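Taking it in order: structure first as structure tokens, then the write-up.
In this text the structure is predicted, and so the values were computed from the model without any measurement. Naming: A, B, ... by sequence-line order, numbering from 1 per chain. Just so it is clear, the values below take in all heavy atoms, side chains as well, and ignore hydrogens, waters and symmetry mates.
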Amino acid sequence: MISSGAPGMATERYNAVDREKHWQKTWTERDVFRAGDDYSKPKCYVLEMFPYPSGRIHMGHVRNYAMGDVLARYKRAKGFNVLHPMGWDAFGMPAENAAMENKTHPGTWTYANIEAMKTQLKSMGLSLDWNREFATCNVDYYQHQQKLFLDMYAKGLAYRKSSKVNWDPVDHTVLANEQVIDGRGWRSGALVEQRELTQWFFKITEYADDLLEALQGLEDWPSKVRTMQANWIGRSEGMLINWPLEGAKLPDEQQSLEIFTTRHDTIFGASFMAISPEHPLATHLARSSEDLTAFITECQRIGTSLEAVEKAEKKGFDTGLVAVHPFDPEWKVPVYVANFVLMGYGTGAVFGSAAHDQRDLDFAQKYGLKILPVVIPEDQDSTTFDVGREAYIGPGKLGNSRFLDGMAVKDAMEDVARRLEKAGQGKRQVNYRLRDWGLSRQRYWGCPIPMIHCDDCGVVPVPAAELPVKLPEDVTFDKPGNPLDRHDSWLKVDCPSCGKAARRETDTMDTFVDSSWYFARFSASDSAEPTDLEAAAYWMPVDQYIGGIEHAILHLLYSRFFARAMIETGHLPQGTKEPFKALFTQGMVIHETYKSSDGRWLLPVEVDIKEAGEQRVATELANGQPVTIGPIEKMSKSRKNLVDPDDIITGYGADCARWFMLSDSPPERDVIWTESGVAGASRFIQRIWRLVHEIIDQGAAQSAAKPAIFSDGALELRRSVHKALHQVGQNIEGLRFNVAVAQLYEAANAVQSALAAYDKKPTDDMAWALREAGEIMVQLIGPMMPHLAEECWLLLGYHSILAEQPWPDAEAALLVDDIVTIAVQVNGKRRDELTIARSASNDDVQAAALQLEPVVKALAGKAPKKVIVVPQRIVNVVA
RNA sequence: GCGGACGUGGUGGAAUCGGUAGACACAAGGGACUUAAAAUCCCUCGAUCCUAGAUCGUGCGGGUUCGAGUCCCGCCGUCCGCACCA
């Protein structure tokens with residue numbers, strides 16, 4: 001019986017909220033989680049993606065940080081020097097929007113939010129080294145970013161060029177593609193214009209091949225993310241081919257058309273040339289053709305929405321020009337302006353291989369152009385093969401292709417490439433979908449780009465000694481546009497080169513720049529330089545990075561680029577080009593949605609749910625009206641299916657929130673937040689608390705000597721606990737927190753059963769096993785529920801800090817059973833099981849199995865055809 | 001359209017190497033304790049056959065194997081990513 005301890009004494013409930021504060025204070029006072037600077041110790045760098053300081057943490061943060069914290073605490077207990085820092089991704093638009101609404105400075109709003117969120121994070125009891133905290137909006141951080149920029153500029157990794165951008169004419173700013181919705185600005189709703197602007201770029205394409213190839217070495221990244229990055233980089237090998245043009249007066253530089261293709265093997269199947277409506281040749285021709293101008297305008301109007309692109313018919317405009325085939329001066333094909341050719345890829349011009357590309361086939365059929373198959377499938381004949389309505393993109397032999405006839409596709413490509421290169425009409429080319437990274441933003445709340453524009457000297461870098469270029473404080477947001485553009489005293493500056501009056505660059509950096517190297521800064525957050533090479537060499541790479549899948553491409557690719565650029569500029573040591581050794585992308589927190597009878601979304605706390613048998617009936621607390629329970633979705637402000645971490649932490653405690661976040665769902669999948677699940681977690685906390693009290697009553701004293709011999713019951717308990725110890729460790733290392741949680745439940749069940757088996761005081765060996773079990777159990781829950789674990793550790797009589805204790809070692813002898821249970825199958829169906837000594841020989845096992853009644857019955861006196869014995873697992877008798 | 005992941009009880013999920021499917025938890029039902037409730041404890045809980053025992057059972061259909069949730073082939077469904085990339 002569980003409460004057979006001190007007479008009539010029911011253990012008081014564990015007051016999580018009160019004790020959690022106490023332990024957080026203790027950890028802080030003792031600076032328990034400060035990363036050590038003994039570089040001879042093995043290190044472990046655990047990092048969760050740092051948050052944007054919106055002002056409040058949400059459940060997604062709780063899940064993310066709970067996972068990282070388990071790993072960090074576990075690794076610390078395993079003897080690693082752990083770096084587990086936290087900071088703030090603090091630049092960006094929301095602060096400016098808030099500034100406009102509240103008439104405050106973006107910094108005021110941001111720093112207030114940071115304070116509020118920091119308090120919340122601290123209430124989670126995370127094992128963070130707050131000594132290394134920084135915010136990217138602080139000049140102590142961004143001045144180093146400016147230094148990185150200057151060094152990258154010096155190496156040609158940052159440059160200026162003119163490019164097309166999405167321009168919001170109301171907000172006076174450039175918008176990212178994802179901020180344009182159906183051709184309109186996401187905030188202003190204004191029709192977005194395409195503008196040609198001179199912007200700053202990082203030369204990420206310089207590393208395209210390396211970024212692609214090195215993905216193969218990232219074995220501890222989800223393959224999904226690696227695939228996404230590979231697709232994003234989009235390497236394709238092909239050729240640039242020049243086609244001389246005829247048929248109109250053309251400018252000297254446009255006497256031929258250069259196209260990019262990956263199917264130069266099909267060059268004898270060419271039936272037309274197609275250029276983008278934005279191609280310079282199209283622009284040139286449009287000057288003398290109203291019809292073409294009208295066509296180009298129409299193409300631009302089709303817009304960028306997915307739907308429009310999907311439905312858009314292939315359309316073209318015959319320019320009247322012809323292009324001359326590189327292998328036959330007599331062969332001429334028409335040149336079209338076509339709506340499906342993208343200016344941003346290759347050269348903005350293609351040749352139409354009608355039989356072997358679906359788009360080209362659609363186009364050729366629409367305009368009645370020649371469709372000549374030149375790659376012939378094995379079972380077809382080149383004179384009769386007809387592709388019909390589906391382009392043939394499979395393997396085959398070349399046909400209808402003169403000197404290429406009979407070749408395989410690969411050989412034909414090689415032959416064409418060699419001949420064209422020799423003739424100077426083409427060259428091999430590797431093309432990438434990846435573009436250089438445009439980092440200019442017409443925004444105030446970002447890192448100033450440390451450049452100066454001088455009428456005489458052009459673009460001049462701010463001398464490193466004059467850094468930082470600080471953001472001016474006295475700005476207003478009452479007018480649209482960038483306040484830096486109208487801040488004269490900041491703007492006007494002498495040219496560092498010639499001393500004449502010049503202007504500062506007023507664009508600031510994309511906030512993705514801030515997050516592309518913060519992990520490196522954490523390795524020496526107080527360094528006078530951007531990084532400290534010795535510290536970086538020790539701490540980098542991040543051993544485990546944890547965050548959302550939404551950053552699978554941009555943030556992670558930019559960071560990989562920055563690591564390379566920082567090596568190039570001497571800010572990171574060689575060998576650290578991959579900043580994140582292991583990556584884990586956690587799932588979202590999802591919740592039911594609730595809608596009131598009159599169609600308003602309701603917060604979970606505004607709804608009362610009654611369980612009536614299988615039925616769940618919801619009513620609105622405020623007025624008793626019925627509420628419709630909707631589908632389970634990602635927590636979002638718009639659906640109001642939000643649970644505030646503060647409510648949970650002040651109600652149930654941080655340990656409870658952490659435990660629930662780690663249980664049940666595998667960490668990479670979505671987890672459903674339910675009230676009953678939290679209540680279950682809370683019950684378990686109280687159960688641990690009671691069990692530890694029971695153990696103090698029933699178990700051995702802290703100083704009791706280990707008995708030489710254990711009875712069966714005690715041995716069984718020790719086996720379960722040591723197995724749990726072994727497996728929980730393995731599962732934490734593998735980030736299988738839900739499985740680790742299940743094993744802890746099992747361990748607790750084993751302890752509880754052992755306790756329940758005694759009415760009176762247990763025997764000495766059992767008493768000792770109970771205390772051992774209690775101590776191990778408490779140490780195992782430590783990484784997940786650190787406050788409860790400290791409290792129980794204290795109860796067990798220790799005056800040390802559990803967070804500083806080493807992880808216990810499992811006794812190897814207890815991990816293997818002497819007696820094993822083996823399933824016995826007949827013809828693959830389980831008929832019985834056999835309990836036998838682990839050391840029993842296969843023959844003994846077989847003999848024992850054949851004597852089992854169900855086996856004898858099934859064999860009906862006949863000899864078995866075959867008996868398969870898998871040691872310690874299974875016996876299969878084939879009848 | 002292309003690429004990828006996934007599909008197991010009422011629910012979340014476990015089964016790490018092809019070897020006893022459903023661990024653990026949630027929900028539900030029954031019981032004990034209690035004046036009562038809360039809390040706690042005990043029992044049941046994939047389906048079918050009244051029961052014992054058996055049969056079926058990991059989206060569907062095939063296959064490999066002594067043995068398949070796991071491997072192979074073909075479907076169906078769900079989710080995610082990319083999307084006129086030449």
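When atom types are taken as modelled, the side chain of A/Arg359 and the backbone of A/Lys314 share no donor-acceptor pair closer than 3.5 angstrom. For the pair A/Arg658 (side chain) and A/Pro783 (backbone), a donor-acceptor distance under 3.5 Å is present. Formation of a donor-acceptor pair under 3.5 Å by the A/Thr593 side chain with backbone atoms of A/Pro631 is found in this model. With hydrogens and angles ignored, the 3.5 Å screen pairs a side-chain donor or acceptor of A/His356 with a backbone N or O of A/Val374.
By the 4.5 Å heavy-atom criterion applied to side chains, A/Leu815 and A/His722 are counted as neighbours. The shortest side-chain heavy-atom distance between A/Ser636 and A/Asn641 falls under the 4.5 Å cut-off. Annotation: side chain of A/Val62 is not in contact with side chain of A/Val589 (no heavy-atom distance under 4.5 Å).
For residues 726-749 of chain A, every residue pair satisfying the side chain to side chain donor-acceptor pair (under 3.5 Å) rule, not counting sequence neighbours, is listed here: A/Tyr74-A/Glu733, A/Trp659-A/Tyr745, A/Arg687-A/Asn749, A/Gln727-A/Gln743, A/Asn731-A/Arg736, A/Asn731-A/Gln743.
Distance A/Arg687 CZ to B/rC24 C1': 11 Å, rounded to the nearest Å. Note: NZ (A/Lys865) to P (B/rG67) measures 11 Å, nearest angstrom. As rounded to whole Å, 11 Å separates atom C1' of B/rG1 from atom NZ of A/Lys314. The CD atom of A/Glu675 sits 13 Å away from the C1' atom of B/rC26 (whole-angstrom rounding). Rounded to whole angstrom, the span from the CG atom of A/Asn339 across to the C1' atom of B/rA83 amounts to 16 Å. The interatomic distance linking A/Ile822 (CD1) with B/rU20 (C1') rounds to 11 Å, in whole Å. What separates OH of A/Tyr336 from C1' of B/rC84 is a distance of 18 Å, to the nearest Å. Separating the CD atom of A/Glu833 from the P atom of B/rG19 is a distance of 17 Å, rounded to the nearest angstrom.
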Acceptor/donor pairs from residues 668-684 of chain A side chains to any protein atom, 3.5 angstrom cut, sequence neighbours excluded:
| from | atom 1 | to | atom 2 | distance (Å) |
| --- | --- | --- | --- | --- |
| A/Asp670 | OD1 | A/Met588 | N | 2.9 |
| A/Thr674 | OG1 | A/Gly677 | N | 3.0 |
| A/Glu675 | OE2 | A/Tyr652 | OH | 2.9 |

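On the C1' atoms, B/rA38 is 13 Å away from B/rC33, given to the nearest whole Å. Taking atom C1' in both B/rA28 and B/rG9, one finds a spacing of 13 Å when rounded to whole Å. B/rA21 and B/rG4 have their C1' atoms separated by 28 Å, given to the nearest Å. Remark: the separation of the C1' atoms in B/rC24 and B/rC45 is 15 Å, to the nearest Å. The gap from the P atom of B/rC26 to that of B/rC43 amounts to 15 Å, rounded to the nearest Å. Separation of the P atoms belonging to B/rA25 and B/rG77 is 37 Å when rounded to the nearest angstrom. When the P atom is compared between B/rG7 and B/rU16, the two are found 14 Å apart, to the nearest whole Å. B/rC49 and B/rC72: their P atoms are spaced 38 Å apart (whole Å).
Listed pair A/Gln752 / B/rC41 meets the phosphate criterion, a side-chain N or O lying under 4.0 Å from OP1 or OP2. For A/Tyr745 and B/rA25, the shortest distance from a side-chain N or O to OP1 or OP2 is not below 4.0 Å. For A/Arg13 and B/rA38, the shortest distance from a side-chain N or O to OP1 or OP2 is not below 4.0 Å.
The side chain to side chain contact (heavy atoms under 4.5 Å, CB included) search around A/Pro864 returns A/Leu850, A/Leu859, A/Val867, A/Val877, not counting sequence neighbours. Applying the side chain to side chain contact (heavy atoms under 4.5 Å, CB included) criterion to A/Ser753, with sequence neighbours excluded, gives no partner residue. For A/Asp209, the salt bridge (Lys or Arg N to Asp or Glu O under 4.0 Å) partners two or more places apart in sequence, or in a different chain, are A/Arg235. Scanning for ring pair (Phe, Tyr, Trp, His ring centres under 6.0 Å) contacts around A/His325 gives A/Trp243, A/Phe268, A/Trp331, with sequence neighbours left out. Among residues two or more places apart in sequence or in another chain, the side chain to side chain contact (heavy atoms under 4.5 Å, CB included) test is passed with A/Asn242 by A/Ser256, A/Glu258.
Looking at heavy-atom distances under 4.0 Å, A/Thr821 makes contact with a base. Within the nucleic acid shown, A/Asn749 comes within 4.0 Å of sugar-phosphate atoms alone, with no base atom in reach, counting heavy atoms only. Across all strands, A/Arg226 comes closer than 4.0 Å to no nucleic acid atom at all (heavy-atom distances). Heavy atoms of A/Ser663 sit nowhere under 4.0 angstrom from any nucleic acid atom. Counting non-hydrogen atoms under 4.0 angstrom, A/Val741 reaches nothing in the nucleic acid.
Using modelled atom types and a 3.5 Å distance limit, the side chains of A/Asn842 and A/Gln846 yield no donor-acceptor pair. Side-chain atoms of A/Thr205 and A/Asp436 include a donor-acceptor pair closer than 3.5 Å.
A/His551 and A/His555 have perpendicular rings, their planes meeting at more than 60° on a 0 to 90° scale where under 30° would count as parallel.
Across A/Val341, A/Val337, A/Leu281, A/Ile259, a single residue satisfies side chain to side chain contact (heavy atoms under 4.5 Å, CB included) together with A/Met273, and that is A/Ile259.
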Dump the pairs, protein N or O against N or O of nucleotides 12-15 of chain B, anything under 3.5 Å, distances to one decimal.
| from | atom 1 | to | atom 2 | distance (Å) |
| --- | --- | --- | --- | --- |
| B/rG12 | O2' | A/Ser665 | OG | 3.0 |
| B/rG12 | N2 | A/Asp664 | OD1 | 3.0 |
| B/rA14 | OP1 | A/Asn738 | ND2 | 3.3 |

Give every pair of a protein N or O atom and an N or O atom of nucleotides 78-82 of chain B that lie under 3.5 Å apart, one pair per line with the distance.
| from | atom 1 | to | atom 2 | distance (Å) |
| --- | --- | --- | --- | --- |
| B/rC80 | O2' | A/Lys224 | NZ | 3.1 |
| B/rC82 | O3' | A/Arg433 | NH2 | 3.3 |

Under-3.5 Å N/O pairs linking protein and nucleotides 56-59 of chain B:
none

Which protein N or O atoms sit under 3.5 Å from an N or O of nucleotides 62-66 of chain B?
| from | atom 1 | to | atom 2 | distance (Å) |
| --- | --- | --- | --- | --- |
| B/rC66 | O2' | A/Asn876 | ND2 | 3.1 |
| B/rC66 | O2 | A/Asn876 | ND2 | 2.5 |

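Here the side chain of A/Ser676 is nearest to one of B/rU20, B/rC26, B/rC85, namely B/rC26. Here the nucleotide nearest the side chain of A/Glu746, chosen from B/rG19, B/rA23, B/rC84, is B/rA23. Of the candidate nucleotides B/rA86, B/rU40, B/rA23, B/rA23 has the atom lying nearest to any side-chain atom of A/Ala742.
Taking the six-membered ring where the residue is Trp, the centroids of A/Phe363 and A/Tyr336 are separated by under 6.0 Å.
RNA chain B forms stems at B:1-7 with B:76-82, B:10-12 with B:24-26, B:28-32 with B:40-44, B:46-49 with B:53-56, B:59-63 with B:71-75, each a run of 3 or more consecutive Watson-Crick or G-U wobble pairs whose two key distances fall under 3.5 Å.
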